[in-house]
Enquirer: 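Okay, here's the structure, questions in a sec.
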Protein chains: 2
Amino acid sequence: MQPDNYEFIDEMLKEERQQTILNEVELHNRILLTDIAEALDVSIDTVRRDVKELDAENKLRKVHGGAISLGFTMNSTRNHNVYKLEEKNKIAQKALSLLRPGSVIFIDGGTTCSELARLIPQNLSLTCFTHSLPVASELLGKPNITVIIIGGEVSSESQTTIGANAIHNLSEIKVDYSFIGTGYVDSFYGLTEFDWDIVQVKKAVIKCSKKTVLLSISEKLNSQHRYKTCDINAINTMITELDPNDQLLNSFRNHDIRIL
Amino acid sequence: MQPDNYEFIDEMLKEERQQTILNEVELHNRILLTDIAEALDVSIDTVRRDVKELDAENKLRKVHGGAISLGFTMNSTRNHNVYKLEEKNKIAQKALSLLRPGSVIFIDGGTTCSELARLIPQNLSLTCFTHSLPVASELLGKPNITVIIIGGEVSSESQTTIGANAIHNLSEIKVDYSFIGTGYVDSFYGLTEFDWDIVQVKKAVIKCSKKTVLLSISEKLNSQHRYKTCDINAINTMITELDPNDQLLNSFRNHDIRIL
DNA sequence: GGCTTTCTTGCCTATATTTGCACGATTCTA
DNA sequence: TAGAATCGTGCAAATATAGGCAAGAAAGCC
């Protein structure tokens, strides 16, 4: 989120401040307390108190570290993660450029993918498969998007469907692009995860996609964990918040990957 | 706010002063009492009294430290569905009494069913099927509940999955209880809906349930619409916010329905 | 005009609200 | 599980508020 330039007023009334916060939440769907505190030049405690009051009045929902709009979507989904939101926003912006009218795509779970879902423009018509509840919620408001949820048992941790049923359902579809996230990525070890069930689903996703696009913040580069989703070669396009020429991406250039 | 240069009048009448204050509020959307007091060269107490009177006359809204224009806050009242929330809560409370540890249940979409999902206690272990995203979200926080989403195309209006895929998925399961809502219910015409697709899904839900529980606010009693979900006899238990002996429920007593 | 009554205004004091800070508890991420 | 971020609470300083009081102005009455 780019902290907007608020009109700088020496003394802001509490009501004004709360109204400003509400406007920001409605505009961006979510805010960070720290951003608001800085933008409005008040202490974080004050913002925290304001948000708490607004929450009590049912004007928004307070979450750890920020607040989210309680608009039509029930993105009241538990803990909205606001970590590295700016980077994720940048990645999602780049990913948008791959979308064409009429495309059939899959969107994975995770905050970066949710951000992509959120940014998809109203006037773009798409068919979107997803196994992520937050992603489905983000997409629901957009009139030109057909949303299809992959059924199955819901993992409360990832808020996605997992398990045999989900994997089976994935085996019966074919999409043009899948946009997936990962816990860890390394040019040698490929994509890895902490959780076994998640790996199985991601494998199924990759299998049902003509092209696979990896969305990952640079922080995850050159890290690995226990269970392997796929080789790095299985990825067709890789998007980070970095400039494509950044040296941090050097080790990925030998592979047949498009880097955005 | 730059204190405007008011025409300096040695003795300003109370009426004039209040009009000036009103003008300022309309112009800037907000004022600080201290600014006004200084600008008009009267004591802060006088301004405070003026603003208090104007507030009582509904000309502006007094807040701590200042006043804001009435138009300023109007924009934020998006209707959030809190319609008849108390009744729905009462219904959900009654429905809770049907739940037993280990039960396998289905929960329909709609605000009454969401309320039921919200109220399910943390320590009750259940397997819950649902085709409603909001219901799934409510259940996700509860550690002892296995949540399974029925896959399919998502209807943005109802925030539930519908269509052939959802119906097929429902045909492959069997649950002890299903808790369903309805658009309209009448002892003669049965359960009816405005939307054809919704009806098809509800039929599939009823078919996969050993027992079907209808949750409906009394407002919907004795109303009907275009498409029929099922006869009233298909319902095993009916729950409204009314006392089970209420005369409004008389026409349902001839049928083999348990009324809670 | 003289008198009282009412209204307005400013000042004072006790109380309430707002705000920022400190510190331990809690939650989140890795 | 460790480290960091965030949260909640209590506290103190600054500011705002409510209500009482009194001086002065305005209005009504004789």
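We use all heavy atoms of the structure for the numbers below, so side chains are in, but hydrogens, waters and symmetry mates are not.
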Enquirer: Whole Å only: how far is the CG atom of B/Leu32 from the P atom of C/dT17?
Expert: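 About 20 Å, once rounded to whole Å.
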Enquirer: Give a yes/no on whether any side-chain N or O of B/Arg17 is located under 4.0 angstrom from OP1 or OP2 of C/dT8.
Expert: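 For C/dT8, OP1/OP2 do not have a side-chain N/O of B/Arg17 under 4.0 Å.
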Enquirer: In terms of the angle between their ring planes, are B/Phe106 and B/His131 parallel, tilted or perpendicular, with boundaries placed at 30° and 60°?
Expert: tilted
Enquirer: Is the closest side-chain donor-acceptor distance between A/Lys88 and A/Thr111 under 3.5 Å?
Expert: yes
Enquirer: Quick one: pull up CG in A/Asp41 and CD1 in A/Ile36 and give me the separation to the nearest 0.5 Å.
Expert: 13.0 Å
Enquirer: Provide, to the nearest angstrom, the distance between the CD atom belonging to A/Glu53 and the C1' atom belonging to D/dG8.
Expert: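 Value for this atom pair: 15 Å.
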Enquirer: Once you round it to whole Å, what is the distance between C1' of C/dT18 and CD of A/Glu16?
Expert: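 Spelled out: CD on A/Glu16 to C1' on C/dT18 is 15 Å.
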Enquirer: Please determine whether a side-chain nitrogen of the Lys or Arg among A/Glu16 and B/Arg30 lies less than 4.0 Å from a carboxylate oxygen of the Asp or Glu.
Expert: yes
Enquirer: Using a 3.5 Å cut-off on both pairing distances, which stems of three or more Watson-Crick or G-U pairs include DNA chain D?
Expert: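 Consecutive-pair runs (3 or more) involving DNA chain D: C:1-30 with D:1-30.
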Enquirer: If we only count heavy atoms from C-beta on, is the A/Asp108 to A/Val201 side-chain gap below 4.5 Å?
Expert: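 Sidechains of A/Val201 and A/Asp108: no contact.
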Enquirer: Going from CG on A/Leu98 to CG on A/Leu116, what distance comes out if it is rounded to the nearest 0.5 angstrom?
Expert: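 That separation rounds to 9.0 Å.
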Enquirer: Calculate the interatomic distance between A/Lys220 atom NZ and C/dA30 atom C1'; express it in whole Å.
Expert: 11 Å
Enquirer: What pairs meet the ring pair (Phe, Tyr, Trp, His ring centres under 6.0 Å) rule with one or both residues in residues 44-63 of chain A, with sequence neighbours excluded?
Expert: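 Counting only pairs at least two positions apart or across chains, no ring pair (Phe, Tyr, Trp, His ring centres under 6.0 Å) contact touches residues 44-63 of chain A.
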Enquirer: Would you state whether a donor and an acceptor, one from the side chain of B/Arg49 and one from the base of C/dG10, lie under 3.5 Å apart?
Expert: yes
Enquirer: Mind listing the N/O atom pairs, protein and nucleotides 13-16 of chain D, below 3.5 Å?
Expert:
residue, atom, partner, partner atom, Å
D/dA16, O4', B/His64, NE2, 3.1
D/dA16, O3', B/Gly65, N, 3.1

Enquirer: Does any N or O donor sit under 3.5 Å from an N or O acceptor when you compare the side chain of A/Asp45 with the base of D/dC7?
Expert: no
Enquirer: Expressed as a whole number of angstroms, how long is the span from A/Phe194:CZ to C/dT29:P?
Expert: 14 Å
Enquirer: Any Lys/Arg nitrogen of B/Arg61 or A/Glu15 sitting under 4.0 Å from an Asp/Glu carboxylate oxygen of the other?
Expert: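 Salt bridge present between B/Arg61 and A/Glu15.
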